[in-house]
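Please read the structure below before turning to the comments.
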Amino acid sequence: MKYKELFAKKLVQACNGVVEYGDLIQRIEIPKHESLGDYAFPCFQLAKFEKMSPNKIAENLASDMNDPSFEKVEAVGPYVNVFLNKTTVASDVIHLVLSQEGKYGSSEIGEGGAVTIDLSSPNIAKPFSMGHLRSTVIGNALALLVEKVGYCPIRINHLGDWGTQFGKLITAYRKWGNEQKVREQTIKELLNLYILFHEKAELDPVLEDEGRKAFKELEQGDPEAVRLWDWFREESLKEFNRIYDLMGITFDSTNGEAFYNDKMQRVIEMLEEKNLLVESNGAMVVDLGEDTPPCLIKKKDGASLYATRDLAAAIYRYETYDFSQSLYVVGNEQSLHFKQLIEVLKKLGFDWADHMHHINFGMMLKDGKKMSTRKGKVVLLEEVLSEAIELAKENIEAKNPNLENKSVIAQQIGVGAVLFHDLKNDRRNDIDFSLEDMLRVEGETGPYVQYTHARACSILRKGNYQKGETIEELDEEAWSVVTKLRHFPNVVERAATEYDPSQIAKFVLELSRAFNKYYGQVRLLEENSSKQARLQLVSAVAIVLQEGLRLLGLHAPKEM
RNA sequence: GUCCCAGUAGCUCAGCAGGAUAGAGCAACAGCCUUCUAAGCUGUGGGUCGCAGGUUCGAAUCCUGCCUGGGACACCA
């Protein structure tokens, strides 16, 4: 929609080019209150150029301006307020949505460039906790968003399947493990062993050394260690896939940390070649100057570290995918790590490191504190999802017992509640875990938006909606709905360029609120001359809600 | 100690490329289902925008300092 641009052009004309178009369009704002119009231009700055009061300037500008797209232009104090022509605009917007359907809001900003997205990345042999939910859900939404604006997303599940923790686990298994028990309940039993290890290690620090030694064996290919590792990995993946299926998330690659095991030597050689590797307290590090702590590359015992593997992974991704951007959806607490990673890559001469972005997010806290796997203080995602689905089922039984496909829809709603709860706020905020909040279905929630969509669909079914009618006139009450629909492409663009799915979440909430209000004020199915125009608006709302929900990874059932 | 992030209504949060009366949801209270799904809508009460300075015609928004909370800071990831 070009109405803002049109307003800016008219302003340039009205002030005889005293101020440039670029300056003007930047200052145009959307008034806080609908009663003040659709766009506003504050005249304070102009008052400095001309020797006139802002109020006077606003009056002059307003009187000089008219266009068929503008219903009214008026000066209110120091502002020029524009009211768009509702009939024209509503007709334009609704037709655009109805003709483009799911493509409405799409763009080609990305020019087909590849965007690798490192997301989810749970640790093998540990339960899939609420903490990993955030990375999974945010990463998936970003993949969908980035695709919407013309990039080609590549979802990489960088499994935590390597590292000293496996040495610890292998050590624990050798000491206290019971094969039978592990076969029966792999993850649960492995978690018990992991917790046990840390309990014992507090009393007997020698265990830590044993754990490190076991990892070293694994890294060097010791057959027995590798056998255990393979087994743990296999079983864990089975469990993770069950959860990913539930959430409808797939990956383009599940190359975890282990995949880079044979690619690290090359990185170390590159670092040596550039004389970047220095010895420090027995370890090998890259010095990053005063402001940044050095990046550890190799431990005293020669074993690799997280940074080493991530360097190899970054290079591998660049060489494999030739990405235009590389995103890492990883918690706040790893900010320093990514800063170091990017700096080391730059020291290696890789300019593309500038296109790597740490998409940080806040932690999932429990009672205001960090959850710790080591102490067994984790909330299991699968349990939360099951509860949410169960609750959705109960709601359906109570409210719409004749619904078909109850269990499918209950799953879509239950999962929707959990995902939306994670996405609706700025990703950088910490979230204190609250099952109650997560299961909520009223107010600012996923099910509220889904419900609104289902209601719109219901109207369309009952009203025998036909495509292709023209819009003569629409209710006054519909204007805020039309305005929301009109803004959708801008919201998509902003959400994508700022890596911020919450903007989509907020948008679908606002659209839902506007639509529900309209729905409450106007009897949409009343037989009169407005009916077809109304149904077209309802159809446009349903399309945009569905697309907004899709971008967040939620389903939009037609009935619920 | 150094660095990063946050502090807005009882609670959870929007708003923060400076602009017109600071907005939602939840919770509380009061209404609305013989008519389109009440997972909804309407109304009421509730705010020194952490504190103190500064920049500006104008600051919740930008700058500085302080307070409070959280996180990171070498062989975990």
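Order of the sequence lines fixes the chain letters, A, B, ..., with proteins taken first and strands second; residue numbering starts at 1 for each chain.
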Of the nucleotides [options], which has the atom closest to the [X] side chain?
X      : options                : answer
A/L336 : B/rA77, B/rC73, B/rG40 : B/rC73
A/Q45  : B/rC57, B/rG40, B/rA72 : B/rC57
A/K32  : B/rA14, B/rA20, B/rG23 : B/rA20
A/L305 : B/rA74, B/rC13, B/rA77 : B/rA77
A/K517 : B/rU42, B/rG23, B/rA39 : B/rU42
A/Y451 : B/rA14, B/rA74, B/rA38 : B/rA38

Side-chain donor-acceptor contact under 3.5 Å, A/N516 with A/T452: yes
Chi class for B/rA24: syn within 90° of 0, otherwise anti: anti
B/rC33, syn or anti by chi within 90 degrees of zero: syn
Dot-bracket notation for RNA chain B, counting Watson-Crick and G-U pairs under 3.5 Å, with | for partners on another strand: (((((((..((((.....[...)))).(((((.......))))).....(((((..]....))))))))))))....
Sugar-phosphate, base or nothing in reach of A/Y448, heavy atoms under 4.0 Å: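 A/Y448: backbone/sugar contact only, no base atoms under 4.0 Å.
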Test: A/K263 cationic atom under 6.0 Å from A/F259 six-membered ring centre, within 45° of axis: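 Verdict for A/F259: a cation-pi partner in A/K263.
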Cationic tip of A/R455 above A/Y519 ring, under 6.0 Å, 45° of axis: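 So A/R455 does make the cation-pi contact.
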Under 3.5 Å donor-acceptor pairs involving side-chain atoms of residues 19-31 of chain A, not counting sequence neighbours:
none

A/F197 to A/L207 - nearest heavy-atom pair and separation: CZ-O, 3.5 Å
Taking 4.0 Å as the cut-off, does a side-chain nitrogen or oxygen of [X] come that near to OP1 or OP2 on [N]?
X      : N      : result
A/K462 : B/rU37 : yes
A/T164 : B/rC76 : yes
A/R212 : B/rC76 : yes
A/R428 : B/rC4  : no
A/N429 : B/rU12 : no

Pair A/H337 + A/Y306: ring centers closer than 6.0 Å: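 A/H337 vs A/Y306: aromatic centres under 6.0 Å.
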Aromatic contact, A/W162 with A/Y260 (centres under 6.0 Å):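 Between A/W162 and A/Y260, the centre distance exceeds or equals 6.0 Å.
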Residues in contact with RNA chain B, drawn from residues 498-513 of chain A - heavy-atom cutoff 4.0 Å: A/K506, A/R513
